Engineer: 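Starting off with a structure, shown below.
Here the structure is a predicted model, which is why all the values come from computation and not from measurement. A note on names: the letters A, B, ... follow the listed sequences, proteins ahead of strands, and every chain is numbered from 1.
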2 protein chains.
Amino acid sequence: MEDPKVRNMEEFAALSGISRPTVSKYFNDPESVRASTRSRIEDALKRYDYRPNIYAMNQNRKLTKNIGIVVPYLADPFFAEIARSIEQRCIDAGYRPTLFSSHGDQALENDILEGLRSLKPAGVLLAALGRGSDRAAIESFCGDVPTVLFDSHVQDVGIAFVGSDNPQFSMLAVDYLCRTGEPPCFFEMKNPSNPNANKRRQGYCEAMEKLGHTPHIVSVEGDGWGFEEIGRLGGIAALESGQFSTNTILCSNDRLAIGLLAACFEKRVRVGRDPDCAIRVAGQDDHPFSRYTCPPLTTVAQDYDAISRHAVETLFAAVEGVQSTEKTKLFEGKLVMRSSA
Amino acid sequence: MEDPKVRNMEEFAALSGISRPTVSKYFNDPESVRASTRSRIEDALKRYDYRPNIYAMNQNRKLTKNIGIVVPYLADPFFAEIARSIEQRCIDAGYRPTLFSSHGDQALENDILEGLRSLKPAGVLLAALGRGSDRAAIESFCGDVPTVLFDSHVQDVGIAFVGSDNPQFSMLAVDYLCRTGEPPCFFEMKNPSNPNANKRRQGYCEAMEKLGHTPHIVSVEGDGWGFEEIGRLGGIAALESGQFSTNTILCSNDRLAIGLLAACFEKRVRVGRDPDCAIRVAGQDDHPFSRYTCPPLTTVAQDYDAISRHAVETLFAAVEGVQSTEKTKLFEGKLVMRSSA
DNA sequence: AAAAATATTTTACGCGCGTAAAGTATTTGT
DNA sequence: ACAAATACTTTACGCGCGTAAAATATTTTT
């Protein structure tokens, strides 16, 4: 390994006994050269440890091998996990993913999209802020760069949207809760940043009416991405003023539920399905921490893996010129029964 | 805005009435040109919306404006938060940060470092995997790229290390716990991936001995970065076999503590400092979720902000040619009293 | 074995910008 | 107003690679 230092592709091509254009072709797609040529290059690659200059590579090429991954809030482990999964799939497919977080900030989201343009990515996987997004900016970006949206839907934008069947989540939860106890109230933020929240509310209402119950929604104030704190403060207020009409609460998402559990603890309200418990609480998402709340949180699990797989596959298909048939793909959730409800 | 489309710096220079080399100089450092020239360029910038091609920019420059940020495990919100803070500081200083997570995997950490080399970054901020790292790879990397290590120390490598004064963390916690109740046992992983864990154990032992108590350590099995589950399983085992010699437990970190709280809940052991509670549990880190455990977790807070600030400042100083005087900078933790202990 | 199909080599140009050198204009100090 | 200092312009080259076209070599087909 590493006899002399190889300065550029010209030198490396000479050392491996292959012409530079063919070596260039190899690096763009190893399968595009004859097997005998490929192995000669790969032998040389082991001896000389040469790597093409990515700046020179990308400068004169319309399409790079870069993939942008944008999530709205990386401090939420849900997004960290799905980003990780997407990242890995990109690497496996021979692309170079770069991860960005908007940190709940519209200006930052716009900056990221701007920066992404000059990266000339082959494609982008975008989970937008939602309500906090600048629609015009996203629309314009998607007009220039092949983009698959995930988790957070933005109407009529991008190649496709991949997410969860949110109404089904709520319906599944309502169905279970009604079967095993009192029908649930719905606990949510008044102005949710994420469009999924609205679909979940609708699913809740629909399911309740279908089962002959009156929906009862508790909307709490609060802005931003500190859902736990919003859930905690709203939960305390709701408990104190007796806003919960039944002993069962379905939360719009797990992080809100985690806050509500903290509120219940503070107010000495026992949560769970044991006879000595006062209320039942369920969430939605199967957040990585939900297993470790006290009591462990009953929830509806998002199919992380299917979402990430389908999002990446759809993007690559589009990048390689295949028209996707379905614009929207939604995955169902699975009930995860734990002891909180 | 955007009359015609500007193809390159040549065109943009012509449109703004300034020579291309001067425009180039402006983009490398706006302060390096006369104020009158600067404003002419900035006026044109508003009308024509031109951005230099980053690939062409970086190709022919020894040092780019790129900064690499590497954390061991992004699904841990602690790292997500500190990465966010570092990222923002880099942007504010006019650099282009790129975030990477090793996801607890040595091979991936090495791949990231390899990929980072070809990014030709001005500098890198690296929180290594720790025990899971390939020391030779890190050493070699730090030999080639200015690197500031943070959170996880690797001996004799990099420009500097910035982290927490881990022994002080444990000593602070021990001191508080002894003052307010029984002396604590120490709950930790047998083979911690992070070197901080060892320092915390040492701090615990030292503090206990200083106060005239015998240290008592409960080490639990488990590998990887799923600390909550390791804490839960180890906690159940320890509770069942009566390994805790006192009613107070200091955990090596908050995530382990969160797992232990789940174990206590499962075993119907009440945690807190009320008279009707059986044990007290404290953590270390002030993890973003620790506020929302039941009961809320008493812990020692890392000074995120100081660590991120000092790490970034040290790196930039080194990049700009200033020798740092101190190789190691450790920040003290602050006790955060909540109801778990 | 010859012909057809496919891979590779040669040659050559250009991408968009960094950067150096030498000359010209502008600002600053006196 | 003049000289000195500074900023800018002109000119020119090169970075490392993508890519196109034409010539040549190799493999596959018949």
Engineer: Applying salt bridge (charged side-chain N to carboxylate O under 4.0 Å, His left out), can you list everything that pairs with A/Asp305, at least two apart in sequence or on another chain?
Structural biologist: A/Arg89
Engineer: Give, ordered by number, those residues of residues 111-122 of chain A having at least one heavy-atom distance below 4.0 Å to an atom of DNA chain D; if nothing qualifies, reply none.
Structural biologist: none
Engineer: Pick base, sugar-phosphate or nothing for A/Phe12, based on heavy-atom distances below 4.0 Å to the nucleic acid.
Structural biologist: nothing
Engineer: Residues in salt bridge (charged side-chain N to carboxylate O under 4.0 Å, His left out) with B/Arg7, at least two apart?
Structural biologist: none
Engineer: Please determine whether a side-chain nitrogen or oxygen atom of A/Tyr26 lies at a distance below 4.0 Å from atom OP1 or OP2 of D/dC17.
Structural biologist: no
Engineer: Below 3.5 Å is the cut-off: list the nitrogen or oxygen pairs between protein and nucleotides 18-20 of chain D, distance only.
Structural biologist:
residue: D/dG18; atom: OP2; partner: A/Ser24; partner atom: OG; Å: 2.3
residue: D/dG18; atom: O3'; partner: A/Asn60; partner atom: O; Å: 3.4
residue: D/dG18; atom: N7; partner: A/Arg20; partner atom: NH1; Å: 3.4
residue: D/dG18; atom: O6; partner: A/Arg20; partner atom: NH2; Å: 2.9
residue: D/dT19; atom: O4; partner: A/Arg20; partner atom: NH2; Å: 3.3

Engineer: What residue pairs, at least two apart or across chains, pass side-chain hydrogen bond (donor to acceptor under 3.5 Å, both in side chains) with a residue in residues 69-82 of chain B?
Structural biologist: B/Asp76-B/Arg255, B/Asp76-B/His287
Engineer: Excluding sequence neighbours, so at least two apart, what forms salt bridge (charged side-chain N to carboxylate O under 4.0 Å, His left out) with B/Arg20?
Structural biologist: B/Glu10
Engineer: Between B/Ile18 and B/Gln59, which is nearer to the 5' end of DNA chain D once each is assigned its nearest nucleotide?
Structural biologist: B/Ile18
Engineer: If a pair satisfies ring pair (Phe, Tyr, Trp, His ring centres under 6.0 Å) and one of its residues is in residues 87-128 of chain A, list it, with sequence neighbours excluded.
Structural biologist: A/Tyr95-A/Phe316
Engineer: Is there any ring pair (Phe, Tyr, Trp, His ring centres under 6.0 Å) pair reaching into residues 13-40 of chain A, and which pairs are they, with sequence neighbours excluded?
Structural biologist: A/Phe27-A/Tyr50
Engineer: Listing request: all salt bridge (Lys or Arg N to Asp or Glu O under 4.0 Å) pairs with a residue in residues 306-320 of chain A, at least two apart in sequence or in separate chains.
Structural biologist: none
Engineer: Run the salt bridge (charged side-chain N to carboxylate O under 4.0 Å, His left out) test against B/Arg34 and tell me which residues pass, sequence neighbours left out.
Structural biologist: none
Engineer: Which pairs count as side-chain hydrogen bond (donor to acceptor under 3.5 Å, both in side chains) when at least one residue sits in residues 138-161 of chain A, sequence neighbours excluded?
Structural biologist: A/Arg117-A/Ser140, A/Arg117-A/Asp144, A/Arg135-A/Glu139, A/Asp151-A/Asn194
Engineer: Looking at residues 29-41 of chain A, who's got a heavy atom less than 4.0 Å off DNA chain D?
Structural biologist: A/Arg34
